[in-house]
Student: 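Pasting in a structure now, in structure tokens, and then I'll have a few things to ask.
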Amino acid sequence: MPPITPAPDRTRFNVIYVIAAFLGMMFLQGIWAQSQTVAELPYSQFQDLLAKKQIEEIRISGDEIRGTLKAPIDGKRQFRTNKVEPDLATELAKHDVKFASHPDSTVLPTILSYLLPVLLFFGIWMLIMRKMANRLGTGGGLMSIGKSKAKVYVEVDTKVSFKDVAGVEEAKNELEEVVAFLKDPVRYGRLGARMPKGVLLIGPPGTGKTLLARAVAGEAGVPFFSISGSEFVEMFVGVGAARVRDLFAEARGKSPCIIFIDELDALGRARNAGGMMGGHDEKEQTLNQLLVEMDGFDSSSGIVIITATNRPEILDPALLRAGRFDRQVLVDRPDKPGRAEILRVHMAKVKMSVNVKPENVAALTPGFTGADLANLVNEAALAATRRSGEDVTMADFTAAIERIVAGLEKKNRLLTPHERRVVAHHEMGHALVAAALPGTDPVHKISIIPRGVGALGYTMQRPTDDRFVMVKGELEQKMAVLLGGRAAEDVIFNHLSTGASDDLGKVTNIARSMVTRFAMEPELGHVTFDTEPAGMLGPGLPHMTRRDYSNETAREIDAAVRRIVDRAYVVAHGILAANRALLEDGARILLEKETLSEEDLEPIFARLSTRAAVTDGQPTTPPASTAARH
């Protein structure tokens, strides 16, 4: 189907301009007619004619005298003159001086006296309407409320290509077909294939979905319409649908082109998802119009729709069916090689030390997205600037990771000596349990310097590899490491404190997931009890959780969760009780230095005399050859 040519603009006449032109024409015509029939006489000539009895009649009004002559002058019998003061006129007449009165013109003041209040009123009205329109997000006034607010870019504006996108090779390969189609749709469709009408980019926030869409436009060199899903919906009913129609009409006039809708979940949420009655919601009308528009154009016309969302599970099924968004491209968090590629892109813009390798930084940042890595490079550059360094070193990246993960140092948060001892033993407990258990992530750094909102210290572990699947034993070891701080307080001080609240929350969540989601407790069988609607890219909505099991089963779940947590605590407590002297010595060193790096921790871990393993909740002592990990 050939692209639809937009209708030519028509001149719009304003009724105010028409009235003003008509009045101006009548005014000029009256002046012209008066100049053709009325003679303008000086007052002295009027007195001469009056003395010669050449005036038939006169009409006096204000400072003006009008009348009729007995004999015409230049073919005009009507005359007009302005009065002069009698005494001055008599004095001037004695000296035979020709004189006349010229009063100030009152035409312009009279017109302005009528027009200025009207113009002032309309000006205030337009200002109020524009402010209301800006608050409503309509931009150009209430008359443009139904216009699309999509920002249009062309190739020179986007300035983004695939070389600027790293770490998402699979997604780039999927979108290269879109670029090939936009560059040469005839060759691409020579075998009868058609391009998918819509491409849905799904992935966690910050993974580069918007950057990918702009890179497609930059590579293809076509107009790029960019708009957010929330910009379609306003308080007025029908505005969203009108903007959808206007957007597609404008895109047809500029095809081939790309329409990019960011945050599609704001527009395409499943209709009647909350079970509410009624189907005339403004968002539903906007979604219906989008569905109609996507059915109404052919992909061979050169229009490609690319959308992005991080909540695909709440989208309307009609939006995801074949023929609308045919292709879904996952833009996930990058793996270790992908993070290294992303870091190379951002490090190229910063003066780096020769000792900084992207692979080493990538190993310290598991789970970081592209946006997180860009922020990390910037924070490292700022850290190097604060210390007046010549370039960015690995120490700057370590400081930046600590700032992002743990928060800003709170040097003014002063702890009492007893609190510092508790925190030191707490953090050293985490580190010793992590070093004692096999297969756990190596401890990279521990510190008792308060950071962030409530962290009085932290223990940083560095994963050796990206993990996508974890077995039951690994989860139990992770819980034991988390409970190492609480167990250390119990071993040394024989009391418990509030410092382990965050650790307890994480441990409880892991244990409950093991029981309800992963069916890792033999007593409950191979059954899941997690009825919370978990999202594709993250947890579901807590308020939508429902329970499909009995109270007896709920009691068994609670008991199983408690057993798992207790087993992990027994393991951590056994390791620290067996290494009490080492725990106290390590805490003393930590109190002196406040921060211990991996090199500082190596001699401490080398003195571990036993290593516990999880076996039915009881710590065991393996051979001495495996006592420590370096």
Side-chain angles (χ1 to χ4, degrees), residues 418-448 455-461 473-508 510-511 562-593 596 598 600-624 626-630:
H418 176 69
E419 288 177 333
R420 293 183 77 249
R421 289 188 66 239
V422 171
V423 173
H425 286 86
H426 182 104
E427 300 303 332
M428 186 55 64
H430 286 307
L432 291 179
V433 174
L437 292 174
T440 56
D441 298 328
V443 179
H444 177 62
K445 191 176 187 179
I446 60 175
S447 174
I448 58 172
L456 301 180
Y458 66 93
T459 300
M460 182 180 295
Q461 293 178 263
E474 291 175 336
L475 293 174
E476 290 178 332
Q477 291 175 359
K478 185 175 182 179
M479 289 190 296
V481 174
L482 289 170
L483 291 172
R486 187 177 179 87
E489 296 178 23
D490 189 17
V491 169
I492 301 300
F493 302 101
N494 197 25
H495 67 68
L496 302 176
S497 70
T498 60
S501 59
D502 185 62
D503 299 328
L504 293 174
K506 293 178 180 178
V507 167
T508 304
I510 294 174
R562 191 178 302 112
R563 284 197 303 270
I564 293 175
V565 174
D566 289 343
R567 287 202 302 264
Y569 183 78
V570 168
V571 171
H573 194 280
I575 293 173
L576 298 176
N579 294 274
R580 175 171 181 147
L582 183 61
L583 173 63
E584 293 180 337
D585 191 34
R588 178 184 56 78
I589 297 174
L590 182 59
L591 283 170
E592 293 175 358
K593 297 186 176 182
L596 297 179
E598 194 170 3
D600 299 327
L601 291 170
E602 238 180 83
I604 299 176
F605 294 159
R607 295 165 53 192
L608 274 170
S609 59
T610 61
R611 174 176 299 181
V614 179
T615 304
D616 295 330
Q618 299 299 326
T620 61
T621 304
T626 60
R629 180 193 60 192
H630 305 289

Student: Check L582, L432, V571 against L576 for a side-chain contact (heavy atoms from CB on, under 4.5 Å) and give me the one that passes.
Tutor: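 Of all the options given, the one that passes is L432.
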Student: Roughly how far apart are I448 CD1 and R421 CZ, rounded to 0.5 Å?
Tutor: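 CZ of R421 is found 11.5 Å from CD1 of I448.
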Student: Give me each pair satisfying salt bridge (charged side-chain N to carboxylate O under 4.0 Å, His left out) with a member in residues 490-507, each pair once, sequence neighbours excluded.
Tutor: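 Non-adjacent pairs meeting salt bridge (charged side-chain N to carboxylate O under 4.0 Å, His left out): D502-K506.
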Student: Distance from R567 atom CZ to L483 atom CG, nearest 0.5 Å?
Tutor: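 Taking CZ in R567 and CG in L483, the distance rounds to 12.5 Å.
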Student: If you take all heavy atoms of S497 and V422, which pair is closest and at what distance?
Tutor: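 Heavy atoms of S497 and V422 come nearest at OG-CG1, 4.3 Å.
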Student: Just by distance, do the side chain of T440 and the backbone of A434 share a donor-acceptor pair under 3.5 Å?
Tutor: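 Side chain of T440 to backbone of A434, a donor-acceptor pair under 3.5 Å: yes, one is there.
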Student: For the pair Q477 (side chain) and P438 (backbone), establish whether a donor and an acceptor sit closer than 3.5 Å, ignoring hydrogens and angles.
Tutor: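 Side chain of Q477 to backbone of P438: a pair is present.
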Student: Could you tell me whether K478 atom NZ has more than 12 heavy atoms of other residues or ligands within 6.0 Å of it?
Tutor: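 No, not enclosed.
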Student: Look up atom CD1 in I589 and atom CG in L596, then write down how far apart they are to the nearest 0.5 Å.
Tutor: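 If I round to the nearest 0.5 Å, the distance is 7.0 Å.
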Student: How would you list, by chain and number, every residue that makes a side-chain contact (heavy atoms from CB on, under 4.5 Å) with A587, sequence neighbours excluded?
Tutor: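 Only A424, H425 meet the side-chain contact (heavy atoms from CB on, under 4.5 Å) criterion with A587.
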Student: Apply salt bridge (charged side-chain N to carboxylate O under 4.0 Å, His left out) to residues D566 and R563 and explain how you reach the verdict.
Tutor: CA-CA 5 Å; D566 289 343; R563 284 197 303 270; over 6 Å; no
Student: Please report the interatomic distance OG1(T459) to CG(L482), rounded to the nearest 0.5 Å.
Tutor: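 T459 atom OG1 to L482 atom CG measures 10.0 Å (nearest 0.5 Å).
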Student: Look at the rings of H430 and H426 and say which category their plane angle falls in: under 30° parallel, 30 to 60° tilted, over 60° perpendicular.
Tutor: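 Correct class here is perpendicular.
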Student: Tell me the closest heavy-atom pair linking R486 and L504, and the distance in Å.
Tutor: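 Shortest heavy-atom contact: NH1-CD1, 3.4 Å.
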Student: Can you name the nearest heavy-atom pair linking V433 to G484, along with the distance?
Tutor: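 Looks like CG2-CA, 4.0 Å.
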Student: Output the distance between atom CD1 (I492) and atom CG (L583), rounded to the nearest 0.5 Å.
Tutor: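 Reported value, rounded in 0.5 Å steps: 4.5 Å.
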Student: Hey, are R588 and E584 close enough for a salt bridge, meaning a charged N less than 4.0 Å from a carboxylate O?
Tutor: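 Result for this pair is no, no salt bridge flagged.
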Student: Please report the shortest heavy-atom distance between I564 and M479, naming the atom on each side.
Tutor: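 Heavy-atom minimum between the residues: CG2-CE, 3.1 Å.
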Student: Nearest 0.5 Å please: distance from the CE atom of M428 over to the CG atom of L591.
Tutor: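 Rounded to the nearest 0.5 Å, the CE-CG separation comes to 9.0 Å.
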